[in-house]
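Naming: A, B, ... by sequence-line order, numbering from 1 per chain.
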Amino acid sequence: MLEMEAAPPVIADYAIVERAIEFISSRRRDQPSIDEAAKNAGLSLRRLEQVLERWARLTTTAFLQAISVEHVRELLRNSAAALEEAHPVGLSGPARPRDLFAIHETLTLRDRRSDGLVLRYGFHPSPFGEAVVVAAPQGLAGLGFVDDDREAALGDMRRRWPRARFLADADGTGAYARRAFDPKLWRLDAPLRLAMIGSDFDVLVWETLLRAPVGSATTYSDIARKIGKPTAARAVGAAVGRNPISFVVPCHRALGRSGALTGYYWGLARKQAMIAWEAGRVAEVVEWVGAAMGKNISSAPC
DNA sequence: AGGGCCCATCGCA
DNA sequence: TGCGATGGGCCCT
């Protein structure tokens, strides 16, 4: 049963951004201008400017840059380094704001089959449309997006863990949604707990993905090399595609070596949107997480 | 160096 | 949503 509430502003903003991305990338060779994109989305240039500012602190030119092939190529130039920069929380060394800001725990084998597992779910606004959030007792287990109807998005989550019981509990999942999408809440001293439900290989790939900093990108072959299976790039790609915790486990930061965005389970426009959003928000992330890191690390022995 | 133009941005109504 | 002030960048003299 869907209530027909008015879409929150952030969801309306994403609908506009997505439309702009689709318009611009479908007509890339014509070099469409930003106000053509605005007109196509049915609003004035000034409005689109304001939407982009609200959505990701992006100006129109910064937005065009963030969704350009040049930007992706630039990200890929540092793809191998992306996985190396990060180190686990708590190690000594210079404070690096782009380090991990999430921890996770892996469920047991029994839980992995999800027999008797109780999963709570809710729908919440996000910068990438309405999100479906699935929480296990141990932590955040699933995050996906609603395109047309909520039942489809929820059905997708149900199919991932067919033997689990699903309970509607938006109050229980709301905190996860807020944490996942608000950089101000990405705190090292209060990490987001993730419940990864998958095969050992899947979980290893997802853990590796977590090391890619905000606003960076990596490649399937870099991940394969990182986990010591340099020939397993395709298997890595498949595991990345099975990632149930979209955005938080940043599968949108996994790109093809060639500079192709490759696929994205929740839609290519959404992957581009996430890349653009991070380009706009990365300074803010560095500021907030960096401040938190400073406090944490200064007391640690070097 | 100076002048003039273009254009993105942003405050304002 | 549209207007206009602002200011940076750029070319030409």
Side-chain angles (χ1 to χ4, degrees), chain A residues 4-79 82 97-98 124-131 145-148 177-178 180-186 213-217 247 250 252-253 255 259-261 264 267-292:
Chain A
M4 279 298 151
E5 66 250 51
V10 59
I11 295 201
D13 284 353
Y14 177 69
I16 290 163
V17 169
E18 185 181 83
R19 181 144 184 186
I21 287 173
E22 278 165 353
F23 177 78
I24 291 164
S25 31
S26 71
R27 308 187 33 198
R28 194 143 262 164
R29 41 185 48 239
D30 312 341
Q31 308 245 65
S33 69
I34 192 70
D35 41 41
E36 282 175 301
K39 261 192 217 83
N40 175 74
L43 30 72
S44 66
L45 173 61
R46 188 73 187 98
R47 272 266 191 273
L48 183 55
E49 283 174 354
Q50 287 164 340
V51 166
L52 292 171
E53 159 64 25
R54 250 200 323 268
W55 181 69
R57 316 267 181 274
L58 286 167
T59 65
T60 51
T61 44
F63 173 70
L64 285 175
Q65 158 66 17
I67 63 173
S68 68
V69 294
E70 289 76 23
H71 181 235
V72 170
R73 271 203 285 269
E74 178 63 24
L75 291 179
L76 281 169
R77 288 207 299 111
N78 310 316
S79 65
R98 307 170 85 204
H124 305 281
S126 93
F128 312 105
E130 189 173 56
F145 297 97
V146 176
D147 270 319
D148 302 313
R178 286 187 294 276
F181 297 111
D182 185 352
K184 292 185 181 62
L185 303 178
W186 295 351
V214 175
S216 75
F247 187 72
H252 58 284
R253 294 180 203 141
L255 311 174
L261 291 189
Y264 191 64
L268 221 56
R270 198 169 259 115
K271 187 173 189 173
Q272 278 227 294
M274 288 177 179
I275 291 169
W277 189 86
E278 291 194 346
R281 292 294 187 123
V282 67
E284 199 174 330
V285 171
V286 167
E287 183 183 327
W288 280 92
V289 181

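For the pair L48(A) CG and dA8(B) C1', the computed distance is 13 Å after rounding to whole Å. Following rounding to the nearest Å, L52(A) (CG) and dC10(B) (P) show an atom-to-atom distance of 12 Å. When rounded to the nearest whole Å, the span between CG of L58(A) and P of dC10(B) equals 11 Å. If you measure from atom CD1 of I34(A) to atom P of dT9(B), you get 9 Å, rounded to the nearest angstrom. Here dC3(C) presents its P atom at 12 Å from CG of L45(A), a figure rounded to the nearest Å. Rounded to an integer number of Å, the gap from CD of Q65(A) to P of dA8(B) is 15 Å. Counting to the nearest Å, the C1' atom of dG11(B) and the CZ atom of R46(A) are 7 Å from each other. In this structure, I16(A) places its CD1 atom 14 Å from C1' of dT1(C), rounding to the nearest Å.
Note on T59(A): a side-chain N or O is less than 4.0 Å away from OP1 or OP2 of dT9(B).
For the pair I67(A)/H71(A), no side-chain contact is recorded, criterion being any heavy-atom separation below 4.5 Å from C-beta on.
Residue-to-nucleotide proximity on DNA chain B shows that, of A62(A) and Q50(A), the 5′-proximal contact is made by A62(A).
Contacts of D182(A) classified as salt bridge (charged side-chain N to carboxylate O under 4.0 Å, His left out), with partners at least two apart in sequence or in another chain: none.
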#### Entry: Test log, rule side chain to side chain contact (heavy atoms under 4.5 Å, CB included), inputs N40(A) and E22(A)
CA-CA 10 Å; N40(A) 175 74; E22(A) 278 165 353; over 6 Å; no
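Counting non-hydrogen atoms under 4.0 angstrom, E49(A) reaches a base of the nucleic acid.
The aromatic rings of W186(A) and F247(A) sit tilted relative to each other, their planes meeting at an angle between 30° and 60°.
The base of dG2(C) lies outside donor-acceptor range of the side chain of R47(A), with no N or O pair under 3.5 Å.
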